[in-house]
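Each remark here refers to the structure printed beneath this line.
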Amino acid sequence: MLAPASGNVSLRTVSSSRPQLLRSESQQSAAASDDYYSLSSRNSSSRSPSTTSRATVVRYMTPNSRPVSRTSSPNVSRTMLAPPVVAPRAGYTSNAQVANRDTFTPINSAEQLTEDRDMSEGTSAPAVEDSYAGRGPTPGMDDSPYIRFAINQLTRDPEASQSRRTSESGSESTTAGNLVWDDDLGHFVRAATSPAQQPLLTPERDPHNSVDPEAFVAVDPPEGSLIHPPLDFVPVVLRPGALAVVIFCVLLMISGVTFCNVWSKDHQGIWGYNGRSGSRYFVFQFLPQILGVVISILTIVVQAAVYRVMPFVTMASERPFGKVLQKIPILPRNFLFPDISHFIHGEALVGFSLFTIWLSNFVAVPLLGCLFQAKWYVIDGQGKWQWATVTSIGWTLVSVYGLLAIGLILLLLRFLRTWSGLMWDPVCLADLICIVQRSNILDDFEYSEIAPDVGKTLDSRVLRLGYWQLSQRAHSGIFYGIGEAGASIGNPSLHRIEKNRRDQPHGLSKVSFDVEQQAVSENDDSDIYSPSIRYRWAPWFLRKTAVVGWTVILCGLFIAFVVASFLHHAIQDGFTPRLPTMPSVSAFSSSNFLYSLIPAFIGNLMFLAWQHIDSYFRVLQPYAMLSSPEGASAEQSLLLAYPSLLPFQVTAIAIINKHYKIAWISLMSVVFGALPILAGGVFMSFYYPSENDIRVGSLMPAFYTIIGFCAVYMISFLCIWPGRRRYLPHDISTLADQMSFLYQSPLLSDKLLREPRSKTDLVTRLVVAPPGEQEFPKYGFGIYVGRDGREHLGIDRYRRPGRADMLITTGSMR
């Protein structure tokens, strides 16, 4: 056995010109630990020789890859280039010694150790000499490679060695993957690290400063996968069953009008006329308009669903139109004027269907008010008044409803087994967040939230909605969303967020607000704090000046209508028609047609105009709730889905949510259908025996009802006063408009919203408190710190741990 040395000897600091032996309490040798073996514990080196076990077993790999146990003396420095060879114990034969020597060969020869000892200074040399006593050159083997290795270790740069030890101070052992076998040296050494020596290695990039060059690759979902369901969802009202019901109602209307036309012509009328009261008057003067308004409401529900999903369906079909986000609306605008945007973007079937819906809603109900007239017939030698069909109007209605039926059938075929690109119906802001959270086009929206027209700030891109993979990381899995095929991942803010947070003290938000800043920002159209930006937009018919103007005009017209109607009993006693009243052969009467069509047409315009108001208030309600000074819960904001609800259903849910303005406006959108119904049948030419004249009179109960509805209509305009919360920086009628408020929102990377697999999953995540938090999160629309570390205007959580609250100015400014 070797005698223990007096201390721990280390070759720690050796000058390249004059090697020296210094005594130090070294914990580890870079040469030994990196290229040979690892000691079992660092603590053992700090013990005294008397307390340290002499039987510390260290395992290392030999050239023959056989693990061998060695007994290392604690007196020998851990920085020695190789562990000492243990002297053979008693009982060992020469063959055992030879086998032991073959297993491990010392790296230094006796001659080299003698030279090192002569060059060294100090008192530690004898200890080293004793440690290597009795060991000579390896017989039959060239020791020069080992000698060169030892010299390199002794003369290497101390600073580089220190840097290497610093970078590996947290490691107890060498990773086998970084070692390679050296035939010359006879042991494992570290792999080369210079770029010239390992050209196939990819250098690490700082994720905070880099942009991943990988691209989006379109893929199909695996068949039968529950995690990645097929993207063929279609809203209920656009499915074959629901559309078939609407088509059946339209065909019934066509059949009824056709029957009345034919029967009236062949049988000299349909039913006998018995005056201005009774069930017969109701059947011929009000029932047709009621049926027409029912069909109108059904088609309004259908077209709302079409508008809601068409941008997504167009992207899923991969049509080569580059402005789907900017140009195809998601809000119905097909009430007073026809919308041709779908024709422009390659959806001719949908465009034609929407045009037929607009045409039927615009002209059918007023024409139904003129369909039947009272006509004098001579039957069996006796003359009598009969209800008859105006043939020309009847065939016009057949044509209008026939086109509507064709349009609905084409719509059914368009959505029959279609690849819609949707997992579920995108009816709320939370749905939109899930669709765009991993999009590679979000960089295009840079500061678009303060642009007056978002569409003009975006480039034309051919987009796709579906499943994606990264081109160089197929193992990362499949994800879902909107993207541009072949384009890079983009969105470098995901990589820069942590760096920007480090630039801020304690990671707090930089959002702040003060009166001086507000005064400077009053007229600055590029400052997100400016009220001229935050409260810039509202639909033209909902702006304060427009609402005041509508209210004044309606009040004036209402007062004039009431005065003119009751002054000198003008309506009750009838008035001169000033037009021919005698029905023609086809039962057409100029005076009856005029005094039925014009009132019904005015009432229909009022009914359709209110649909615009109802549509915008439904979609604006989430933003109004998000603009509350203290934010709003997910149920009251991100999950609100008023645009997709059915008539009366909106009213019931709005009352439950205490959104009374929405409840009233949506209720009136159906109730005001009574205006064209009553106005189309209230006036008719009658013979007044007392005056011996034919005059235009009215059914007074129906006329009083019309006055009541007109009064409600006028008062309802006072309810549509938008208020500050319903003013936004720009329009929200397209996907691009709404995405501009989300493109930098931390909600897109929020784990709470990350890749839900169903609508139930999404709702469940939002209605429960996040993990580790006691309170339910609230959300707001205001100024927040985005994922790029800069301030943005849009939607985010009102309060986030480690950040200042979102700045919502609706409550701080008056």
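- Each of Trp358, Tyr307, Phe352 was evaluated against His342; a single residue qualifies, Tyr307, per the ring pair (Phe, Tyr, Trp, His ring centres under 6.0 Å) test.
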task = Evaluate the side-chain hydrogen bond (donor to acceptor under 3.5 Å, both in side chains) criterion for residues Tyr535 and Thr809: first the C-alpha distance (whole Å), next the side-chain angles of each, then the deciding distance (0.1 Å), finally the verdict.
result = CA-CA 10 Å; Tyr535 308 104; Thr809 57; 2.9 Å; yes

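- A 4.5 Å side-chain heavy-atom check between Ile707 and Phe558 finds at least one atom pair inside the cut-off.
- No hydrogens or angles considered: nothing links the side chains of Ser758 and Asp761 as a donor-acceptor pair under 3.5 Å.
- No side-chain heavy atom of Tyr401 sits under 4.5 Å from any side-chain heavy atom of Val257.
- A donor-acceptor pair under 3.5 Å is absent between the side-chain atoms of Ser615 and the main chain of Gln611, judged by distance alone.
- Classified by interplanar angle (parallel below 30°, tilted 30° to 60°, perpendicular above 60°), the ring pair Phe703/Phe561 is tilted.
- Here Tyr727 and Phe781 keep their ring centres 6.0 angstrom or further from each other.
- Within a 6.0 Å radius of CZ in Phe541, other residues, nucleotides and ligands contribute more than 12 heavy atoms.
- Side-chain contact between Thr418 and Asp232 is absent, with no heavy atoms from C-beta onward closer than 4.5 Å.
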request  = Apply side-chain contact (heavy atoms from CB on, under 4.5 Å) to Gln303 and Leu354, showing your working.
outcome  = CA-CA 7 Å; Gln303 80 171 7; Leu354 292 178; 3.8 Å; yes

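- Side-chain atoms of Asp731 come within 3.5 Å of backbone N or O of Ser733 as a donor-acceptor pair.
- Val236 places a side-chain heavy atom less than 4.5 Å from the side chain of Arg239.
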ask   = Would Phe445 and Phe741 satisfy ring-ring contact (aromatic ring centres under 6.0 Å, His included), going step by step from the backbone distance to the final call?
value = CA-CA 9 Å; Phe445 289 84; Phe741 296 133; over 10 Å; no

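- Judged by distance alone, with hydrogens and angles left aside, the side-chain atoms of Ser745 form a donor-acceptor pair with the main-chain N or O of Ile795 at under 3.5 Å.
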task = Starting from the C-alpha separation in whole Å, work towards a yes-or-no answer on side-chain contact (heavy atoms from CB on, under 4.5 Å) for Val237 and Val246.
result = CA-CA 9 Å; Val237 296; Val246 181; over 6 Å; no

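- Shown here is Ile340, whose CD1 atom has no more than 12 heavy atoms of other residues, nucleotides or ligands within 6.0 Å.
- Between the side chain of Asp339 and the backbone N or O of Asn334 there is no donor-acceptor pair closer than 3.5 Å.
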key: CA sep, side-chain torsions, deciding dist, call: Ser644, Asp425, side-chain hydrogen bond (donor to acceptor under 3.5 Å, both in side chains)   = CA-CA 9 Å; Ser644 65; Asp425 198 355; 5.3 Å; no

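- With 3.5 Å as the limit, one finds no donor-acceptor pair spanning the side chains of His345 and Thr314.
- With Gln621 as the partner, the side chain to side chain donor-acceptor pair (under 3.5 Å) test is satisfied by one option alone out of Gln636, Arg725, Arg726: Arg726.
- The neighbour count for Trp424 CH2, taken as heavy atoms of other residues, nucleotides or ligands under 6.0 Å away, is above 12.
- Each of Phe607, Tyr713, Trp664 was evaluated against Phe672; a single residue qualifies, Tyr713, per the ring pair (Phe, Tyr, Trp, His ring centres under 6.0 Å) test.
- Each of His792, Gln744, His730 was evaluated against Glu449; a single residue qualifies, His792, per the side chain to side chain donor-acceptor pair (under 3.5 Å) test.
- Glu347 places none of its side-chain heavy atoms less than 4.5 Å from the side chain of Ile328.
- Between Leu542 and Ile613, the closest side-chain pair of non-hydrogen atoms falls below 4.5 Å.
- Formation of a donor-acceptor pair under 3.5 Å by the Ser439 side chain with backbone atoms of Ile482 is found in this model.
- Side-chain contact between Tyr480 and Ile435: present, with at least one pair of heavy atoms (C-beta onward) separated by less than 4.5 Å.
- With values rounded to the nearest 0.5 angstrom, Ser669 atom OG is found 5.5 Å from Arg618 atom CZ.
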request  = Could you go through the ring-ring contact (aromatic ring centres under 6.0 Å, His included) check for Phe343 and Phe355 one step at a time?
outcome  = CA-CA 10 Å; Phe343 284 106; Phe355 175 77; 7.5 Å; no

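- Val365 pairs in a side-chain contact (heavy atoms from CB on, under 4.5 Å) with only one of the listed residues (Leu675, Asn604, Ile290, Leu608), which is Asn604.
- Using a distance-only test at 3.5 Å, with no hydrogens or angles considered, no donor-acceptor pair links the side chain of Ser448 to the main chain of Ala451.
- Between Pro240 and Leu416, the closest side-chain pair of non-hydrogen atoms falls below 4.5 Å.
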message = I'd like to know whether Phe683 forms a ring-ring contact (aromatic ring centres under 6.0 Å, His included) with Tyr595, so could you lay out the CA-CA distance, the side-chain angles of the two residues, the decisive distance to 0.1 Å, and finally the verdict.
response = CA-CA 6 Å; Phe683 295 107; Tyr595 291 110; 7.0 Å; no

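- A perpendicular orientation is assigned to the rings of Trp610 and Phe717, their planes being inclined by more than 60° (bins at 30° and 60°).
- Applying the 6.0 Å contact sphere to NZ of Lys661 captures more than 12 heavy atoms from other residues, nucleotides or ligands.
- A distance of 6.0 Å or more separates the ring centres of Phe337 and Phe362.
- Taken from CG in Leu557 to CD1 in Ile602, the straight-line distance is 9.0 Å, to the nearest 0.5 Å.
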